[in-house]
Amino acid sequence: MISNQLAAALDRRNIHYGWVMVAVTFFTALVSAGTVGAPGVFIVPLQQEFGWSTAEISSALSIRFVLFGLMAPFAAALLNRYGLRNITLLAQLIVVSALVGSLAMSQVWQLVLLWGVVIGIGTGMTALVLGATIATRWFVARRGLVVGILTASVATGQLVFLPLLASLTERLGWRVALGLICVMLGVSATAVLLLMRDRPSELGLRPYGDTGTDPIVPPAPVTTPILAAALGTLRDASRAPVFWMLFATFFICGASTNGLVQVHLIPMCLDFGIPQVQAASLLAAMGIFDFFGTIMSGWLSDRYDNRWLLFWYYGLRGLSLLFLPFTDFSFYGLSLFAMFYGLDWIATVPPTVRLTAQRFGPERANLVFGWVFAGHQLGAGTAAFGAGLSRTLLQSYLPAFFTAGALCIIAALLALMIARQAKPAAA
């Protein structure tokens with residue numbers, strides 16, 4: 001296979017194949033991020049073509065966010081049982097099918113079914129759990145940095161896709177922009193098929209940074225039913241207070257990022273007279289700052305107390321959201337917001353993954369993180385619908401941004417309540 005030949009060639013150059021896994025997963029997550037972020041560009045065109053309200057469109061996106069999160073623990077179980085490559089390919093096939101079907105939609109229920117239910121399930125089958133699984137299986141050293149790099153793919157996806165999608169939508173219509181996403185998903189699926197492998201042992205390798213000398217023992221086949229594996233992990237993890245601390249902070253993380261800014265910042269900018277392409281460029285600027293901020297967060301999480309990192313990340317994010325309404329949406333005000341908000345948009349992920357692995361062990365880290373990530377997407381779904389409802393009923397998004405800012409301050413305080421040293425939860 002190509003992966004075996006490539007692994008042998010890289011080994012001769014003292015390069016671990018784990019970095020190929022990082023590159024493939026980064027590109028896959030980058031395209032997925034474009035898929036997840038695209039509806040923020042399409043809200044106004046859909047309103048203009050079909051007459052749907054912001055609340056109606058937001059309800060579909062809210063369902064997608066919730067399913068995206070609720071699939072995460074089951075995605076971890078699926079990845080463990082059926083393999084990274086198989087599940088990633090299946091997820092991409094589901095998403096492409098929904099996107100192609102949505103080209104002909106004309107009713108709200110079709111939007112809810114395709115963009116809400118089907119894409120929510122498809123994107124949720126990998127989500128951030130795939131990156132966490134790659135980091136914990138393929139790396140012993142530099143694990144936080146790897147999580148930072150793979151998480152930064154979300155920012156890069158916005159940087160690459162959103163301005164392009166906004167420009168295509170404005171010139172040629174939203175269906176052409178959607179077609180581009182389908183093509184990129186096809187390219188990503190090809191890379192996964194050719195290069196992705198499940199574990200280092202399949203290539204006769206140890207995880208990066210593993211200096212052991214014992215013979216490599218292939219892992220025992222996973223036969224636990226998917227539902228039992230996911231729900232059993234929730235039962236065990238929920239007994240530990242640290243799980244609920246991480247769940248609550250990540251709920252607020254989702255409510256203050258994906259569900260609010262990613263979905264509603266562009267239409268809110270339009271309310272203040274800022275053109276759609278310029279608003280998408282603002283999100284892209286955040287993506288630039290977040291790309292570096294998240295990778296730096298991974299580097300820092302390998303070296304410093306992860307609780308204090310979360311405290312600063314949530315605190316600064318909350319202050320930036322509270323500051324946004326006072327920028328008067330001027331060029332300089334929005335630029336300042338983009339810098340501070342962008343630097344820690346998803347910088348919370350590396351320390352959260354590391355705290356999960358420390359408390360629950362590397363073998364169960366992806367399953368437990370799946371449930372923590374479910375909290376993230378429940379928060380995103382709540383904010384996506386709540387902000388849309390605020391716009392429909394109050395004619396303003398600002399109450400939603402004030403609320404999210406206040407919640408981030410609460411999350412910063414919750415992060416410090418996590419015990420500095422905790423006994424591992426029962427396996």
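In this chain, residues are counted from 1 in sequence order.
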Q: Measure the shortest side-chain to side-chain distance between M268 and L324 over non-hydrogen atoms and say whether it is less than 4.5 angstrom.
A: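 Yes, close enough: below the 4.5 Å cut-off.
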
Q: Between the side chains of S188 and Q92, does any donor sit under 3.5 Å from an acceptor?
A: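 Checked: S188/Q92 side chains pair up, N/O donor to acceptor below 3.5 Å.
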
Q: Could you tell me if the side chain of V95 sits less than 4.5 Å from the side chain of L185, heavy atoms only?
A: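 Counting from C-beta outward, L185 and V95 do come under 4.5 Å.
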
Q: Does F340 CZ have over 12 foreign heavy atoms under 6.0 Å away?
A: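 Open: at most 12 neighbouring heavy atoms sit under 6.0 Å from CZ of F340.
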
Q: Do other residues, nucleotides or ligands put more than 12 heavy atoms under 6.0 Å from the OH atom of Y304?
A: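 Not buried by this count: 12 neighbours or fewer within 6.0 Å.
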
Q: Counting only heavy atoms from other residues, nucleotides and ligands, does the tally under 6.0 Å from CZ of R142 exceed 12?
A: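 12 or below, so no.
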
Q: To check you understand the geometry: which heavy-atom pair defines the closest contact between G124 and A75, and what is its length?
A: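 Closest approach of G124 to A75, heavy atoms only: O-CB, 3.4 Å.
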
Q: Quick one, R307 and F311 - any side-chain contact, counting heavy atoms below 4.5 Å?
A: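 A side-chain contact under 4.5 Å is absent here.
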
Q: Do you know the tightest heavy-atom contact between V118 and A98?
A: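 Looks like CG1-CB, 3.5 Å.
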
Q: Output all residues satisfying side-chain contact (heavy atoms from CB on, under 4.5 Å) with M296, sequence neighbours left out; order by chain, then residue number.
A: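 Partners of M296 by the side-chain contact (heavy atoms from CB on, under 4.5 Å) criterion, ordered by chain and then number, come out as W299, L300.
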
Q: Drop me the distance from T356's OG1 to L246's CG, to the nearest 0.5 angstrom.
A: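 Those atoms lie 5.0 Å apart.
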
Q: With rounding to the nearest 0.5 Å, note down the distance linking CG in L78 to OG1 in T88.
A: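 So the gap between those two atoms works out to 10.5 Å.
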
Q: What is the ring orientation for F247 with W244, classed by angle as parallel under 30°, tilted 30 to 60°, or perpendicular over 60°?
A: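 Because their plane-to-plane angle is over 60°, the rings of F247 and W244 count as perpendicular.
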
Q: Rounded to the nearest 0.5 Å, how far apart are CG of L130 and OG1 of T25?
A: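 So the CG of L130 and the OG1 of T25 are separated by 5.0 Å.
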
Q: Okay, side chain of D271, backbone of S396: is any donor-acceptor separation there less than 3.5 Å?
A: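 No, the answer is negative, given that no donor and acceptor are paired below the 3.5 Å cut-off.
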
Q: Is there a donor-acceptor contact under 3.5 Å linking the side chains of S256 and R317?
A: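 Their side chains do contain a donor-acceptor pair, which is all the 3.5 Å distance test asks for.
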
Q: What pair of heavy atoms forms the shortest contact from S320 to Y341, and how long is it?
A: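 Between these two residues, the closest heavy atoms are OG-CD1, 3.6 Å.
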
Q: Compare all side-chain heavy atoms of R175 with those of S102 and state whether any distance is below 4.5 angstrom.
A: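 Answer no - side chains too far apart.
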
Q: With a 3.5 Å distance limit and no angle check, can you tell me whether E170 reaches the backbone of S167 through a side-chain donor-acceptor pair?
A: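 Not at all, since once roles are kept as given, no pair shorter than 3.5 Å links the two residues.
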
Q: Drop me the distance from L99's CG to I119's CD1, to the nearest 0.5 angstrom.
A: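 L99 atom CG to I119 atom CD1 measures 4.0 Å (nearest 0.5 Å).
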
Q: Applying side chain to side chain contact (heavy atoms under 4.5 Å, CB included) between H376 and each of T348, T257, I252, report the one that passes.
A: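 When T348, T257, I252 are each tested with H376, the side chain to side chain contact (heavy atoms under 4.5 Å, CB included) holds only for T257.
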
Q: What orientation do F139 and H16 show, parallel under 30°, tilted 30 to 60°, or perpendicular over 60°?
A: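 The rings of F139 and H16 sit tilted, inter-plane angle from 30° to 60°.
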
Q: For S297 and Y313, run side-chain hydrogen bond (donor to acceptor under 3.5 Å, both in side chains): C-alpha distance rounded to whole Å, both residues' side-chain angles, the deciding distance at 0.1 Å, then the answer.
A: CA-CA 9 Å; S297 173; Y313 295 158; 3.0 Å; yes

Q: Evaluate the side-chain proximity of V20 to R197: yes if any heavy-atom separation is below 4.5 Å, no if none is.
A: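 With C-beta onward as the side chain, the pair stays apart.
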
Q: Please check if any side-chain donor atom of E49 sits under 3.5 Å from a side-chain acceptor atom of W174, or the reverse.
A: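 Indeed, the side chains of E49 and W174 share at least one donor-acceptor pair under 3.5 Å.
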
Q: Locate the shortest heavy-atom distance separating T123 from S32; write the atom from each residue and the value.
A: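 Here T123 and S32 meet closest at CG2-OG, 4.3 Å.
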
Q: With ring pair (Phe, Tyr, Trp, His ring centres under 6.0 Å) as the criterion, how do Y208 and W19 come out once you've worked through the C-alpha distance, each side chain's angles and the decisive distance to 0.1 Å?
A: CA-CA 9 Å; Y208 179 86; W19 296 111; 5.5 Å; yes

Q: Ignoring hydrogens, what is the shortest heavy-atom contact between I418 and M245? Give both atom names and the distance.
A: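 Closest pair (atom of I418, atom of M245, distance): CG1-CB, 3.7 Å.
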
Q: Is the ring centre of W371 less than 6.0 Å from the ring centre of F74?
A: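 Here the rings of F74 and W371 have centres that are less than 6.0 Å from each other.
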
Q: Provide the closest heavy-atom pair for A255 versus L260 in the form atom of the first, atom of the second, distance.
A: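 Closest pair (atom of A255, atom of L260, distance): O-CB, 3.4 Å.
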
Q: Does CZ belonging to R171 count more than 12 external heavy atoms closer than 6.0 Å?
A: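 Result for CZ/R171: open.
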
Q: Mind checking whether N306 and L310 have side chains closer than 4.5 Å, heavy atoms only?
A: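 When only atoms from C-beta onward are counted, L310 and N306 do not touch, as no gap falls below 4.5 Å.
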
Q: Can F402 and L321 be said to form a side chain to side chain contact (heavy atoms under 4.5 Å, CB included), step by step?
A: CA-CA 7 Å; F402 280 126; L321 288 170; over 6 Å; no

Q: To the nearest 0.5 Å, what is the distance between CD1 (I409) and OH (Y314)?
A: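 With rounding to 0.5 Å, CD1 (I409) is 12.5 Å from OH (Y314).
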
Q: Does S59 reach the main-chain N or O of E56 with its side chain, forming a donor-acceptor pair under 3.5 Å?
A: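 Pair found, side chain donor or acceptor close to backbone of E56.
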
Q: Does the ring centre of F42 sit less than 6.0 Å away from the ring centre of W115?
A: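 Ring-ring flag for W115/F42: true, centres closer than 6.0 Å.
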
Q: What I want to find out is whether D198 reaches R137 closely enough, with some N-O distance under 4.0 Å, to be called a salt bridge.
A: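 Looking at R137 together with D198, the answer is no, because their closest N to O distance does not fall below 4.0 Å.
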
Q: Return the CG to OG1 distance between L150 and T28, rounded to the nearest 0.5 Å.
A: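 So the gap between those two atoms works out to 10.0 Å.
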
Q: Whether the side chain of D290 engages the backbone of M286 through a donor-acceptor N/O pair (distance < 3.5 Å, no angle test) should be reported.
A: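 Checking the backbone N and O of M286 against the side chain of D290, no donor-acceptor pair under 3.5 Å is found.
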
Q: Strictly by salt bridge (Lys or Arg N to Asp or Glu O under 4.0 Å), give each pair with a member in residues 97-106 just once, sequence neighbours left out.
A: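 Residue pairs passing salt bridge (Lys or Arg N to Asp or Glu O under 4.0 Å), neighbours aside: none found.
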
Q: Under a 4.5 Å cut-off applied to non-hydrogen side-chain atoms, are P267 and Y397 in contact?
A: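 Yes. Closest side-chain heavy atoms under 4.5 Å.
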
Q: Check whether any side-chain heavy atom of I57 lies under 4.5 Å from a side-chain heavy atom of S53, and answer yes or no.
A: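 With C-beta onward as the side chain, the pair stays apart.
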
Q: Using atom types as modelled and distance alone, determine if a side-chain donor or acceptor of S390 lies under 3.5 Å from a backbone N or O of G386.
A: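 Here the side-chain-to-backbone pair does not exist.
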
